[in-house]
Asks: 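I have a structure here, written as structure tokens, and I will follow up with some questions on it.
Just so it is clear, the structure is predicted and the values come from calculations on it, not from any experiment. First listed ligand is number 1; within each ligand, the first listed atom is number 1.
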Amino acid sequence: MSYGQLEQQLNELHLTAIQDQYLSMAQQAAQSNWSYETYLAYLVDEEANRRRGNRRTRRIKEAKLPHLKELADFDYKAIPQLNKQRVLALAEGTYLERAEPVIFIGNPGLGKTHLAIGLALLACRQGHRVRFYTVTQLVNELAYAQQEHQLPKFLERLGRHKLLVLDEFGYVPFSATGAHLLFQCCSALAEHVSLIITTNLPFSEWVQVLGDERLTSGLLDRLTFRSHIVEFVGESYRFRQQMPGEDKRG
Ligand code: ADP
Ligand code: MG
């Protein structure tokens, strides 16, 4: 077989890392007296690494995160009442394997979205399918899917994710249809897909945005079963950053 044929076949099989590396690695193999198996193992390792890297990049792109915020950039000192251990335990990712819900609850500006994005990025880097929505955006998409008679298909597609982030529950009240669709969606995903929900509303006030007692208790039942509830208490981070002369790290 000629190099030309080999290149063509590697190309056809999308073995791009092997295609890039096989000649230089063959030189190294000759110099270091590698066995054929070792040479092959190194090449396959290059290919596997490249694919993992590509998958991570693709997962992050598909997640449609509004910003890239890293868990590592979170300043826990700025919010001393936050249970740091719980956040770090979430970062280990077992909640994903068990499809457990996570609820970040507290006033605006305390880093709920930041930590939700940080966890989403970690999940993407582990190769998982992730999608970020504001709750309003999701409800609009659900309504559109229903109008187009595509709701089951849309729910099925959501169900292929490992993690959905639903940001800003409670900022905008729902119509009766919207509330019902959100309930239907969360019921369909419960125990299959992990949800991270951020909200400024204590559970006792959820009925005000959902507008229906029974639906609210049904939704809360699904969302709080085996859930990780993390409370954010303190003063807005951005506000503190703008205060002149304030010890920003304190
Ligand atoms: P929330 O979702 O609770 O309203 P955000 O996550 O949007 O708050 O935070 C507002 C801004 O402040 C973001 O730019 C975020 O990165 C930053 N921020 C908030 N808390 C912290 C923190 N403890 N450490 C670092 N940045 C923070
Ligand atoms: Mg937010």
Asks: Working note: Phe169 + Phe174, criterion ring pair (Phe, Tyr, Trp, His ring centres under 6.0 Å); need CA distance, chi angles, decisive distance, verdict.
Replies: CA-CA 10 Å; Phe169 176 92; Phe174 304 103; 5.8 Å; yes
Asks: Considering Lys69, Lys77, His114, His67, which one's heavy-atom position lies nearest to atom 14 (O) of ligand 1?
Replies: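 Comparing heavy atoms across Lys69, Lys77, His114, His67, the nearest one to atom 14 (O) of ligand 1 lies in Lys69.
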Asks: Of all the atoms in ligand 1, which lie at a distance below 4.0 Å from a heavy atom belonging to Asp73?
Replies: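 The list of qualifying atoms is 25 (C).
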Asks: Please determine, by modelled atom types, if Asn54 and Arg51 share a side-chain donor-acceptor pair under 3.5 angstrom.
Replies: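 No.
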Asks: So if I count the atoms of ligand 1 from 1 in the order they appear, which ones are less than 4.0 Å from some heavy atom of Leu110?
Replies: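 Once the distances to Leu110 are compared, the set is 1 (P), 3 (O), 8 (O), 20 (N).
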Asks: Determine which pairs satisfy salt bridge (Lys or Arg N to Asp or Glu O under 4.0 Å) with at least one residue from residues 20-38, sequence neighbours left out, and list them in order.
Replies: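 Every pair satisfying salt bridge (Lys or Arg N to Asp or Glu O under 4.0 Å) with a residue in residues 20-38: Asp20-Arg50.
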Asks: Short list, please: which atoms of ligand 1 are under 4.0 Å from a heavy atom of Pro108?
Replies: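 Those of ligand 1 that fall under 4.0 Å from Pro108 are 4 (O).
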Asks: Nearest to atom 17 (C) of ligand 1, what protein heavy atom do you find, and at what distance?
Replies: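 Sorting protein heavy atoms by distance from atom 17 (C) of ligand 1 puts Tyr237 CD2, 3.5 Å first.
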Asks: Is the Mg ion (ligand 2) less than 2.8 Å from at least one N/O/S atom of Thr198?
Replies: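 No.
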Asks: Check whether more than 12 heavy atoms from other residues, nucleotides or ligands sit under 6.0 Å from atom OH of Tyr76, and answer yes or no.
Replies: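 Count over threshold, so yes.
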Asks: For Thr198, is the nearest heavy atom under 4.0 Å from an atom of ligand 1?
Replies: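 No.
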Asks: Can Tyr22 and Glu7 be counted as having a side-chain donor-acceptor contact under 3.5 angstrom?
Replies: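 There is such a pair between these side chains.
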Asks: Decide if atom OH of Tyr42 counts as having more than 12 heavy atoms of other residues, nucleotides or ligands within a radius under 6.0 Å.
Replies: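 No, the 6.0 Å shell around OH holds no more than 12 heavy atoms from other groups.
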Asks: Step by step, would you call Thr199 with Leu166 a side chain to side chain contact (heavy atoms under 4.5 Å, CB included)?
Replies: CA-CA 9 Å; Thr199 182; Leu166 307 186; over 6 Å; no
Asks: Only heavy atoms of Gly111, strictly under 4.0 Å: list the atoms of ligand 1 that pass.
Replies: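 Answer for ligand 1: 1 (P), 3 (O), 5 (P), 6 (O), 8 (O), 9 (O), 19 (C), 20 (N).
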Asks: Specify the protein heavy atom at minimum distance from atom 3 (O) of ligand 1: its residue, its atom name, and the distance to 0.1 Å.
Replies: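 Protein heavy atom at minimum distance: Lys112 NZ, 2.7 Å.
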Asks: Is the closest basic N to carboxylate O distance between Glu62 and Lys162 below 4.0 Å?
Replies: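 Salt bridge: no.
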Asks: Using 30° and 60° as the class limits, which term best fits the ring planes of Trp206 and Phe203: parallel, tilted or perpendicular?
Replies: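 Trp206 and Phe203: perpendicular rings.
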Asks: Taking only heavy atoms of Asp75, which atoms of ligand 1 are found under 4.0 Å from at least one of them?
Replies: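 Going through ligand 1 atom by atom, the ones under 4.0 Å from Asp75 are 22 (C), 23 (N), 24 (N), 25 (C).
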Asks: Under 3.5 Å between any N/O of Ile79 and any N/O of ligand 1: does that happen in this structure?
Replies: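 The answer is no, given that Ile79 and ligand 1 share no N or O pair closer than 3.5 Å.
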Asks: Polar-atom distance check: Tyr76 versus ligand 1, any N or O pair below 3.5 Å?
Replies: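 Min N/O separation from ligand 1 is not below 3.5 Å for Tyr76.
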Asks: Do other residues, nucleotides or ligands put more than 12 heavy atoms under 6.0 Å from Glu213 CD?
Replies: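 Not buried by this count: 12 neighbours or fewer within 6.0 Å.
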Asks: Tell me which protein heavy atom sits closest to atom 2 (O) of ligand 1, plus the residue, atom name and distance to 0.1 Å.
Replies: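 The answer is Thr113 OG1, 2.7 Å.
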Asks: How far is atom 4 (O) of ligand 1 from its nearest protein heavy atom, and which residue and atom name does that atom have?
Replies: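 Closest protein heavy atom to atom 4 (O) of ligand 1: Gly109 N, 2.7 Å.
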Asks: Considering only the protein, which heavy-atom contact is closest to atom 22 (C) of ligand 1, and what is its distance?
Replies: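 So the nearest neighbour among protein heavy atoms is Phe74 CE1, 3.4 Å.
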